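A quick write-up on the structure given underneath.
Everything numeric in this text was worked out from a predicted model, so none of it was measured.
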Amino acid sequence: AERFRQAGVKAETDACALLVQYIGDEDLHALANEITKIATWAQGEPVGVAEIEQLVAPIADIAPFALTDAWAERRQGRLLDLCETMLERSDKSRRDTAPRLAATLNGHLSRMRQLKRLADEGVAARDAALTLKMHPFAGEKAYRHAEGFSDEELASATVRFAELDLALKGGSRLAADVELQRALIAVSAE
């Protein structure tokens with residue numbers, strides 16, 4: 001917002017947040033270039049979300065943990081939005097990206113099931129992470145995720161991901177991204 005103001009343009013807070021989401025916050029040079037481009041285009045007029053959507057091509061990667069967090073929080077809308085964004089921003093086709101995203105989620109499911117078993121045995125989160133040779137922060141986070149699911153839900157998710165795997169390997173006539181989205185809806189339901 002300050003950089004826009006220095007360029008003589010008022011940018012809405014939501015527009016600034018969207019710009020950072022699209023470009024990321026690690027490459028400050030790229031972010032500065034986008035601000036300069038938008039400010040030049042705006043010629044002193046205010047900049048809102050619509051202008052950012054029209055003028056900026058999203059390039060920032062979304063970390064896989066954003067997907068697993070949305071799943072663990074059972075935020076279906078967010079989960080599907082993130083999935084769609086990751087499919088759109090991938091440099092590979094949707095057909096090739098869907099199995100990669102499915103593998104990320106399936107790996108997280110596997111860790112959650114292992115951590116849940118350890119939790120049932122009375123093992124603390126940090127100790128469980130160390131037992132599974134996971135980074136303590138990632139392990140503790142997955143441990144908390146596992147607490148939000150029953151054993152039955154985790155077993156059901158395992159079956160659903162196996163069905164997804166079959167579908168992605170030719171067992172379905174639906175597009176890979178559609179199969180992935182259907183599985184996400186199923187495993188994130190309350």
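Through chains of ILVMFWY side-chain contacts below 4.5 Å, Val178 is grouped with Leu174.
Arg3 CZ: 12 or fewer foreign heavy atoms inside a 6.0 Å radius. Within a 6.0 Å radius of CZ in Arg94, more than 12 heavy atoms belonging to other residues, nucleotides or ligands are found. For Lys10, the NZ atom is loosely surrounded, since the number of other residues' heavy atoms within 6.0 Å does not exceed 12.
The backbone N or O of Ala167 sits nowhere less than 3.5 Å from a side-chain atom of Glu179 that would complete a donor-acceptor pair. Here the side chain of Glu45 pairs no donor or acceptor atom with the backbone of Ala42 at under 3.5 angstrom. Put simply, the side chain of Ser188 gets close to the backbone of Leu184: a donor and an acceptor are under 3.5 Å apart.
Closest non-hydrogen pair, Lys37 versus Leu55, comes out as NZ-O, 2.7 Å.
Follow the hydrophobic side-chain contacts under 4.5 Å out from Val47 and you reach Tyr22 in the same cluster. Both Leu109 and Leu82 are assigned to one and the same hydrophobic cluster, defined by single-linkage of ILVMFWY side chains at heavy-atom distances under 4.5 Å. Both Val56 and Phe4 are assigned to one and the same hydrophobic cluster, defined by single-linkage of ILVMFWY side chains at heavy-atom distances under 4.5 Å. Note on Met134 and Leu105: separate hydrophobic clusters, where clusters join Ile, Leu, Val, Met, Phe, Trp and Tyr whose side-chain heavy atoms are under 4.5 Å apart, directly or indirectly. Under the 4.5 Å side-chain heavy-atom criterion for ILVMFWY residues, no single connected hydrophobic cluster contains both Leu166 and Leu168.
Screening residues 156-190 for ring-ring contact (aromatic ring centres under 6.0 Å, His included), with sequence neighbours left out, gives Trp71-Phe161.
In this model, a donor atom of one side chain and an acceptor atom of the other lie less than 3.5 Å apart for Arg113 and Thr158. In this structure, a donor-acceptor pair under 3.5 Å is absent between the side chains of Asn33 and Thr36.
Evaluation of the side-chain hydrogen bond (donor to acceptor under 3.5 Å, both in side chains) rule for Glu152 yields Ser150 as partners, not counting sequence neighbours.
Relative to the six-membered ring of Phe149, Arg74 meets both conditions, a distance below 6.0 Å and an angle of at most 45° to the axis.
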Set out, in order, the CA-CA distance, both residues' side-chain angles and the distance that settles salt bridge (charged side-chain N to carboxylate O under 4.0 Å, His left out) for Asp69 and Lys141, then state yes or no.
CA-CA 9 Å; Asp69 286 352; Lys141 189 172 195 177; 2.8 Å; yes

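Shown are Asp91, Thr85, Leu87; of these, the side-chain contact (heavy atoms from CB on, under 4.5 Å) with Arg89 is made only by Thr85.
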